[in-house]
Amino acid sequence: MTAHSEKTILLHQLNEPFQLSDEAIAFYRENGYVKLKNVLSAEVLAYYGEIITDWVFKLNKLTKPMEERTTYEKAFLQIMNMWRENEEVKEFVFSKRLAQIATELMGVSGVRLYHDQALYKEPTGGITPWHADQFYWPLSNPNTITVWIPLQDTPMEMGPLAFAEKSQTVEIGRDMEISDESEALLAETLKQFSMNDTPFALGEVSYHAGWTYHRAGANLSGKPRKVMTMIYMDKDIKVIEPTNEYRMADWQTWLDSKPVGSIADGKLNPILY
């Protein structure tokens with residue numbers, strides 16, 4: 001088989017529909033997250049994972065030793081909107097298959113990209129403290145969702161993502177940035193919820209709502225925990241007044257400073273499904 005025809009097969013896999021069960025949709029809506037097996041093939045993850053990894057290390061600016069980093073910096077190398085840097089990364093980020101799942105889980109008519117984000121937890125990298133993503137986003141409703149795609153098998157010692165089930169409706173801690181403080185307060189508050197803290201098999205991905213609380217353990221393995229994420233939002237979601245410095249920065253960086261009250265359709269927010 002030629003390289004061209006192999007690539008055609010991989011692209012087809014990224015864009016062909018995924019058969020999402022009614023049970024998975026119901027589980028997501030009740031619990032604020034869902035884990036789905038066999039969403040992407042080993043071949044797709046190997047091919048695009050290598051390209052994504054190259055770009056993470058090309059664009060990474062965090063080079064200080066682990067012992068000099070903050071808790072947040074120890075959690076992961078974080079590179080955003082790589083779809084603008086490389087056409088093949090863009091193919092992965094713009095996957096219709098992944099965007100279709102996001103659309104159906106939320107029950108909306110379509111989704112836009114908020115941004116992509118690679119999260120590479122290095123060997124000896126620390127915990128990712130409890131937090132809810134939508135603290136950072138000046139968006140008008142809870143129809144936001146992140147797909148978390150490990151680029152390798154992710155056993156417990158690598159620090160897979162863990163979710164507080166049904167926590168998407170809790171108001172406590174919604175004004176807290178990701179920090180030692182959020183970890184301490186939320187670890188206590190979230191004891192009322194069941195936690196799903198389980199490994200990810202190759203090809204398994206998770207989707208979690210913008211207000212679902214989640215965390216990850218430290219990476220105790222000798223290898224980086226390589227993860228790619230995309231954040232999707234309801235294509236008709238509107239921009240709201242930024243209420244903290246992070247939302248202000250996001251409004252300017254990802255939403256093109258679109259006027260408050262308008263649809264969040266900046267030049268970086270294409271409709272993906």
Side-chain angles (χ1 to χ4, degrees), residues 24-36 69-76 78 102 105-107 114-115 117 119 121 125-148 150 154-200 204-220 225 227 229 231-234 237 240-251:
I25 294 171
F27 185 94
Y28 171 81
R29 293 184 188 172
E30 181 179 359
N31 293 286
Y33 81 97
V34 68
K35 293 177 73 169
L36 303 169
R69 298 184 195 178
T70 65
T71 298
Y72 187 77
E73 289 170 336
K74 285 175 182 168
F76 37 61
Q78 183 177 28
L105 289 173
M106 291 194 290
Y114 187 55
H115 62 75
Q117 187 172 28
L119 299 170
K121 194 182 285 283
I127 66 160
T128 308
W130 281 113
H131 65 286
D133 300 329
Q134 202 151 334
F135 164 80
Y136 294 92
W137 307 338
L139 298 170
S140 62
N141 70 50
N143 284 328
T144 61
I145 193 168
T146 298
V147 60
W148 199 83
T154 307
M156 294 309 294
E157 62 266 23
M158 267 192 171
L161 206 56
F163 308 95
E165 299 189 327
K166 306 182 184 177
S167 63
Q168 72 275 20
T169 56
V170 188
E171 297 287 340
I172 302 162
R174 284 197 175 185
D175 55 351
M176 297 194 78
E177 63 189 280
I178 186 170
S179 60
D180 292 329
E181 290 71 32
S182 76
E183 174 70 11
L185 173 83
L186 291 167
E188 198 53 44
T189 305
L190 296 171
K191 280 182 180 165
Q192 60 186 294
F193 299 101
S194 303
M195 182 161 81
N196 179 308
D197 190 6
T198 49
F200 281 70
E204 185 172 17
V205 308
S206 64
Y207 284 81
H208 65 269
W211 283 117
T212 298
Y213 285 99
H214 54 285
R215 76 183 296 279
N219 184 2
L220 306 175
R225 187 213 69 186
V227 170
T229 70
I231 303 162
Y232 308 98
M233 53 189 176
D234 174 1
I237 209 165
I240 58 170
E241 192 73 51
T243 50
N244 60 47
E245 62 184 300
Y246 303 101
R247 286 185 169 191
M248 178 63 76
D250 265 32
W251 175 60

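All heavy atoms count here, side chains included; hydrogens, waters and symmetry mates do not.
- Classification of the Tyr232-Tyr207 ring pair by plane angle, with boundaries at 30° and 60°, yields parallel.
- In this structure, His208 NE2 and Thr146 OG1 are separated by 4.0 Å, a value rounded to the nearest 0.5 Å.
- For the atom pair CE of Met106 and CE of Met233, the computed distance is 10.0 Å after rounding to the nearest 0.5 Å.
- Here the straight-line distance linking atom OG1 of Thr71 with atom CD1 of Ile127 works out to 7.0 Å at 0.5 Å rounding.
- Side-chain atoms of Lys35 come within 3.5 Å of backbone atoms of Thr198 as a donor-acceptor pair (strictly under, hydrogens ignored).
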Q) Should Tyr33 and Leu161 be marked as a side-chain contact (heavy atoms from CB on, under 4.5 Å) after you check the CA-CA gap, both sets of side-chain angles, and the distance that decides it? A) CA-CA 11 Å; Tyr33 81 97; Leu161 206 56; over 6 Å; no

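- The OG atom of Ser194 lies 14.0 Å from the CZ atom of Phe163; values are rounded to the nearest 0.5 Å.
- The aromatic rings of Tyr246 and Tyr136 sit perpendicular to each other, their planes meeting at more than 60°, with 30° as the lower class boundary.
- Val34 approaches Ala24 most closely through the heavy-atom pair CG2-O, 3.9 Å.
- Side chain of Arg247 to backbone of Trp137: a donor-acceptor contact under 3.5 angstrom is found.
- What you find for Pro160 and Pro199 is that their closest heavy atoms are CG-CA, 4.2 Å.
- Asn143 approaches Ile237 most closely through the heavy-atom pair O-CD1, 4.0 Å.
- Inter-residue side-chain proximity for Ile231 and Gln117 is flagged as met; some heavy-atom pair is nearer than 4.5 Å.
- Rounding to the nearest 0.5 angstrom, the gap separating the OG1 atom in Thr212 from the CZ atom in Phe193 is 10.0 Å.
- With rounding to the nearest 0.5 angstrom, the CG atom of Asn196 is 5.5 Å from the CD atom of Glu165.
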Q | Evaluation steps, side-chain contact (heavy atoms from CB on, under 4.5 Å), between Val227 and Lys121 | A | CA-CA 8 Å; Val227 170; Lys121 194 182 285 283; over 6 Å; no

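- Ser182 places a side-chain N or O within donor-acceptor distance of the main-chain N or O of Trp130, the cut-off being under 3.5 Å.
- Taking both residues in full, the closest heavy atoms of Gln168 and Glu30 are given as NE2-O, 3.2 Å, listed atom of the first, atom of the second, then distance.
- The side-chain heavy atoms of Leu119 and Trp148, taken from C-beta on, include a pair separated by under 4.5 Å.
- The heavy-atom pair separating Arg215 from Thr128 by the smallest distance is CB-O, 3.2 Å.
- The closest donor-acceptor contact from the side chain of Gln134 to the backbone of Asn141 lies under 3.5 Å.
- Contact annotation: the side chain of Glu241 never approaches that of Trp251 to less than 4.5 Å [non-hydrogen atoms, C-beta and beyond].
- The backbone N or O of Glu177 sits less than 3.5 Å from a side-chain atom of Ser179, completing a donor-acceptor pair.
- Looking at Asn244, its side chain does come within 3.5 Å of a backbone N or O of Phe135 through a donor-acceptor pair.
- Side-chain contact check for His214 and Asp133: at least one donor-acceptor pair (N or O, by modelled atom type) lies under 3.5 Å.
- The shortest side-chain heavy-atom distance between Arg174 and Tyr213 falls under the 4.5 Å cut-off.
- Here the closest non-hydrogen pair linking Thr189 and Gln192 is O-NE2, 3.0 Å.
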